Chemist: 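Would you mind keeping the following structure in view while I ask a few things?
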Amino acid sequence: MDTFFSDAEQAFRAEVRAFIRANLPADLAARVRAGIHLSRVDMARWNAILDAKGWAAHHWPQAYGGPGWTPIQRFLFEAECADADAPPLSVFGVYLVGPTLYTFGSAAQKAAYLPGIRSGDTFWCQGYSEPNAGSDLASLKTTARKVEGGYVIDGAKAWTTEGHFADYMICLARTNPQVKPQAGLSLFIVDMTAKGVSLQPVITIDGAHSVNTTFLDAVFVPDDALIGEVDKGWTYAKFLLSHERTNNAQVHRSRREFTRLKDLARQVAGPAGGSVLDDPVFQRRFAALDVELSALEVTVLRVLADQTDGREPGPEASILKVIGSELQQRISELAMDVLGEEGIRQSHGQVDGDAGPAATEAAGWAERHLFRRVVTIYAGANEIQKTIIARTVLGM
Amino acid sequence: MDTFFSDAEQAFRAEVRAFIRANLPADLAARVRAGIHLSRVDMARWNAILDAKGWAAHHWPQAYGGPGWTPIQRFLFEAECADADAPPLSVFGVYLVGPTLYTFGSAAQKAAYLPGIRSGDTFWCQGYSEPNAGSDLASLKTTARKVEGGYVIDGAKAWTTEGHFADYMICLARTNPQVKPQAGLSLFIVDMTAKGVSLQPVITIDGAHSVNTTFLDAVFVPDDALIGEVDKGWTYAKFLLSHERTNNAQVHRSRREFTRLKDLARQVAGPAGGSVLDDPVFQRRFAALDVELSALEVTVLRVLADQTDGREPGPEASILKVIGSELQQRISELAMDVLGEEGIRQSHGQVDGDAGPAATEAAGWAERHLFRRVVTIYAGANEIQKTIIARTVLGM
Amino acid sequence: MRRSEHRREEDALLRDSARRFLEDTNAWSPTRAGDPQARWRAMAELGWFALGLPDALGGIGGDPAQCMVILEEAGRVLDDAPLLAGLLLAPPVLAALPLEAAQPLADGLQAGSVRFAYVPDAGLRLGEGATLLSGRSRLALGIDLATHWIVPVGSGSANGAALLLLPASAAAARDGTVLMDGRTAAALTFADLPVAPDAVVARGEAAFELAALIADAAAVGASAEALGAADAGLALTVSYLKDRTQFGAPLASFQAVQHMMAESFCEIAQMRSLLMWAADALAGPAGERARAASALKAYAGVQGLRAVARCIQASGGIGVTQEYRIGHVYKRLQTHAALFGSTQEHLARFGAAA
Amino acid sequence: MRRSEHRREEDALLRDSARRFLEDTNAWSPTRAGDPQARWRAMAELGWFALGLPDALGGIGGDPAQCMVILEEAGRVLDDAPLLAGLLLAPPVLAALPLEAAQPLADGLQAGSVRFAYVPDAGLRLGEGATLLSGRSRLALGIDLATHWIVPVGSGSANGAALLLLPASAAAARDGTVLMDGRTAAALTFADLPVAPDAVVARGEAAFELAALIADAAAVGASAEALGAADAGLALTVSYLKDRTQFGAPLASFQAVQHMMAESFCEIAQMRSLLMWAADALAGPAGERARAASALKAYAGVQGLRAVARCIQASGGIGVTQEYRIGHVYKRLQTHAALFGSTQEHLARFGAAA
């Protein structure tokens, strides 16, 4: 895709690459390669390194500490980070909460929270979905009742990823039950150490703990925890969800995984002698997947080019989540086929040295493969995305 | 699948094979191999040969001239016919109208019409669907008004396959507009030469004429053209549509096409030297399709075994149309990939002799491939079939 | 496949009793029996291990289709008992032994005291005058519980093939693991293990044919478990979808969800058809047996898995939690897709045979 | 791909004017101009053939992306004019000729009096001191209208490759046919045709590289037409679905139908992305150019075709009639899937290059 980038952009890319090579701790990269659920400490370490360089909040405006990059530069930065197995930045803090705060928050909120997000000192989680409202956000039941000096929040939030090490939750709650469902919601900052907040771990299909159910039992939040205006939360939340749509494509991570998987397939013995990648059937499957991934990369670039040039996003922005999530699943499905029996082992007898690449990488692939079932469900299930495409883009 | 059949059934199969080998005219088989839309003369010829042997109406009860075969014997008979490239029997006469008449018709109707269907002397077409009611039969607009001595039918029928050479139409018309849509329909026999019947050819995507729109302009039919009771037509029509569900699977035709295509792939030069079938990617595609086709064959046999043993059809009967039609399309799609440039030629320079098998067979495959788009649409579009499966089998 | 009314009634009775036992005692059940060996003996008391054994060894006739009923039911509850080897693979091995050697093993099998594990070949070989066993196996299920190992050696060709029946006390390095679906398994490595003459069930052509039969039967049996798991998974999902309301209506009422489940139903029905063919073909000639087994295994590994993935998708968030059962169904099918020959291997073999 | 605002405005103007002309004069239009040569001259008068030509030959800069605008618009109306060769392939061929030979051809191209056809190589060879042309080509479009043939020879390797520009009066047996999509095409067979020295545009490495560029450009241009056809087909279908009522509601209101169309939309959007990459890459190094062209061609042949098949399905019965346009869109995409290298060939090449 090199023809897409200007000489200046290529130079920028080289600068990013050099910085990462010099500054990304090797043990961190190794952990990224091996698994998927990173600890808070892991993520904070890399966040701090980037922050020192001024690159942590790389898609924020310069006024709020961003580096002032174009969307294309951000794309290249993210591509290089993925290529180098750098930890992902916290999705919630950097990608979702930051933009919400600098767009809708008060001056005091910006001052209080943005620096911590940038530096990686504070972590955030998201309190949108509820146990009885999966993709149907308009039916939220959590309430925030106005009291002297603040609000009292009652309810439960489902799928609070990283909630068990987050400092704050950005929480959607019903402040007005009289109006139609979408209209009476407001957005709050909830301190996760506040009285009445409790978590129940949700172990996911991969056997890991990254998700929780969060119970909010008469949690008091002060007035200045309200973001923007009361009853406007739905508008802000929608903004949030649509703001980083290109992030939903996960195209850099998918490209990196694809490349690693292809390397692995070159080393794993195939059924007919030679490597798996010597099998023409596997070759062709890799090629077909690569074609679709290449197309997605260009689609992301098209959306970013529109952003760079200040145009409205074209209809192709709406397909990123659907295509991106399906490709993530297809890559890990292919990985399971490449790995064969190694892929279903949760432990390996001789991982120290001569067990071969399949044994060393298998556990990570299997975990990712299982957890990957979630990507077509979260952030608006793909069926909902398709309905949205049909209705809003095609006018059906 | 040989383990499925008893020794007696294997012997029956051999008898059928011997009869076909001795009696199927070679020119007829050649025409079946080459194209898809047979003339009335072609079909009648083979029908007459079978009728002389007592095998034409092979799934009718013996009381009406059937040979008294079990469903499994019928399966084997049809498999042998397909294997030998025998022309298909008229779907409408033998498969649909015959069973309707011997089940619901009067003694006079049975005597008048069944022999001609058996012998191939009379051809029938189906008048269910209408220009504004595709898969939604309950919304039919054609009316039959009671008059002295009979009914006057007004309306239009869509997709009357073989209507241009049919002698009779079995026609669903509204006799009672007062009741709910399904309740007021009746089933009539319409003489295609009657005053007021006119046809407009519908050329299909393959460029051929097998389908028509039939206009019924004040067509008088006598009282004895009514099948069964007035206003009960919907019940009869549903019976008709569900009666030969195994026929919708088209499994014998698909198996025959698959075998022929594989033979062809052995002879056509592949991209990397050798034949197309020497390419492991094509090999695997053939294998994957063969697996699904084998599964469908067993599914059909399961339904037939239930029939043989007098059990209610199991839920698997409902999937035959969906799976069967999708496989038909996948076979012809694979054919286009096997044929390459030969597949898009409507004519071939040197079809006499040394043009090679691709050139000789290409036109037939291309026509079939195009016409094949229809199989997931007709007889209840597959989307409707899936809704039926979800509602009736899964109770959703 | 075409079972008489009588056999069908027998199958139904067997299915009911197996389902009751398995539901009451499996890992998902609150009343689960704690001791795997005791549970195994209870299964034996139900007569399961007589189903596949020939009359001559005190069994009841050797009908693979009845064994499939048990395996399918075990799959429904995601049972982790390694039933496959005892039900399907031991009978042909015992039938190949001299009666005096076979009878005590058959008796023990039926009593639950003799328990077999199948150790799939991955380049095992006999050296030194065909008496020393070396090499590494593929993953074997049920090694922990087994008293005897069924070990095909050099099974790639008739020349030099042997089929061994080794005591589980034989010296072997066990590279054990917990599998994706929670069961345990191990690859065994032998290093010049002396093989006693009476441990050799068959040699040469006979061993080659027996090993092929066993490999096919393992593929079919594993797929029967997968089918049971998938079928129960679909039922669970449909039931959940009827209860769960979103956007003001039960999920089951949405057309897209209905079509997803209809597609999974079609795939599972087709998988059942292939199982019926393959179960039938296990008793027939090797060519059709191999074709049917590979067709089933390949289908289970692609369409079967896809049918279950669709159930997860339709279930939404709950579908990806550890506590909900559908994810475990997925893991069972994914595990079986990798065991006993991969999808691609089976598809290639099926294609080559046609 | 990343076009300046200025270029984007130019593209939009070009698209509008091309669409107007093509809609007014194509085979589906009631006011269609009867004479293909006259229509061709009208296209030339619109300046289309200057778009791809370099300044030095009187063109306006050689931007493949603008040529793609024309081809996409031609695809939208399923135009049967063989534009590809003149728009995309002639410019690099003319640029490789000496100026005095190229200029009159470039002038004629822009005037509409010189019309090129691309005769794809399928084992053509030059014998007898590289002066006698023999062998058979693949199917070539626009042979009837062409005045000149672009003929790559021995293009499988640099060694012995040549690129010829032959007058359409050259002796060749034409194995002509009507294609599935209604256009005419022919495979040419040459039997020791003497080739004049000035008919040889390039030899050896240069010819090999030029032939590769042309083959890639043909794959990309054909896919641009396919994209236009598919995009217009989707719009037509969506519009039909909004009008057509079944079961008491517009078809467009059914969730299953909505999802089908959303999936087609996704595929067509992805195809457009690949076209933008490939159009860009045509001006770049051979490696990325080949990869991008093959990615696009393979995608158009599978997902593009599938997107249109879904439109037929959603349309129901009318979708399979000759009089309705969507079936013709399908035929165009199926035809393009077979021309200029099959899907599998392109996928294999893409995979090998990665």
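Protein chains get the first letters and strands the later ones, always in sequence-line order, with residue 1 at the start of each. Since the structure is predicted, the reported quantities are computational estimates derived from the model, not experimental observations.
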Chemist: At under 4.5 Å between heavy atoms, what parts of residues 180-191 of chain D are in contact with chain B? List them by residue number.
Modeler: D/Met180, D/Ala187

Chemist: Tell me, for D/Gln313 versus chain B, whether the close heavy atoms (under 4.5 Å) come from the side chain, the backbone, both or neither.
Modeler: both

Chemist: For chain B, find which of D/Ile318, D/Val257, D/Thr335 contributes the most heavy-atom pairs closer than 4.5 angstrom.
Modeler: D/Thr335

Chemist: Sort D/Ser342 into side chain, backbone, both or neither according to what part of it lies under 4.5 angstrom from a heavy atom of chain B.
Modeler: neither

Chemist: Are D/Arg291 and D/Asp216 ion-paired here, with the side-chain N under 4.0 Å from a carboxylate O?
Modeler: no

Chemist: For B/Val374, is it the side chain, the backbone, both, or neither that has a heavy atom closer than 4.5 Å to a heavy atom of chain D?
Modeler: both

Chemist: Run the salt-bridge test on B/Asp263 and B/Arg260 with the 4.0 Å N-O cut-off and return the result as yes or no.
Modeler: no

Chemist: Quick check on D/Tyr330 against chain B: is it the side chain, the backbone, both or neither that has a heavy atom closer than 4.5 Å?
Modeler: side chain

Chemist: Heavy-atom cut-off 4.5 Å, strictly under: side chain, backbone, both or neither for B/Ile203 against chain D?
Modeler: both

Chemist: Between the side chains of B/Asp206 and B/Arg368, is the shortest nitrogen-to-carboxylate-oxygen separation below 4.0 Å, so that they form an ion pair?
Modeler: no

Chemist: Would you give the length of the straight line joining atom CG of D/Leu141 to atom OH of D/Tyr118, rounded to the nearest 0.5 angstrom?
Modeler: 11.0 Å

Chemist: Quick check on D/Glu345 against chain B: is it the side chain, the backbone, both or neither that has a heavy atom closer than 4.5 Å?
Modeler: side chain

Chemist: Go through D/Gly317, D/Ala348, D/Ala309, D/Ala256 and name the one with the most non-hydrogen pairs under 4.5 angstrom from chain B.
Modeler: D/Gly317

Chemist: How would you list, by chain and number, every residue that makes a salt bridge (charged side-chain N to carboxylate O under 4.0 Å, His left out) with B/Lys157, sequence neighbours excluded?
Modeler: B/Glu130

Chemist: Under the criterion salt bridge (charged side-chain N to carboxylate O under 4.0 Å, His left out), which of B/Glu326, B/Glu257, B/Glu333 is the partner of B/Arg372?
Modeler: B/Glu257

Chemist: Does any backbone or side-chain atom of B/Phe282 lie under 4.5 Å from a heavy atom of chain D? Answer side chain, backbone, both or neither.
Modeler: side chain

Chemist: Between D/Arg174 and chain B, with a heavy-atom cut-off of 4.5 Å, which part of the residue counts as in contact: side chain, backbone, both or neither?
Modeler: neither

Chemist: Under 4.5 Å, counting heavy-atom pairs only, tell me which of B/Val202, B/Thr376, B/Thr387 racks up the most with chain D.
Modeler: B/Thr376

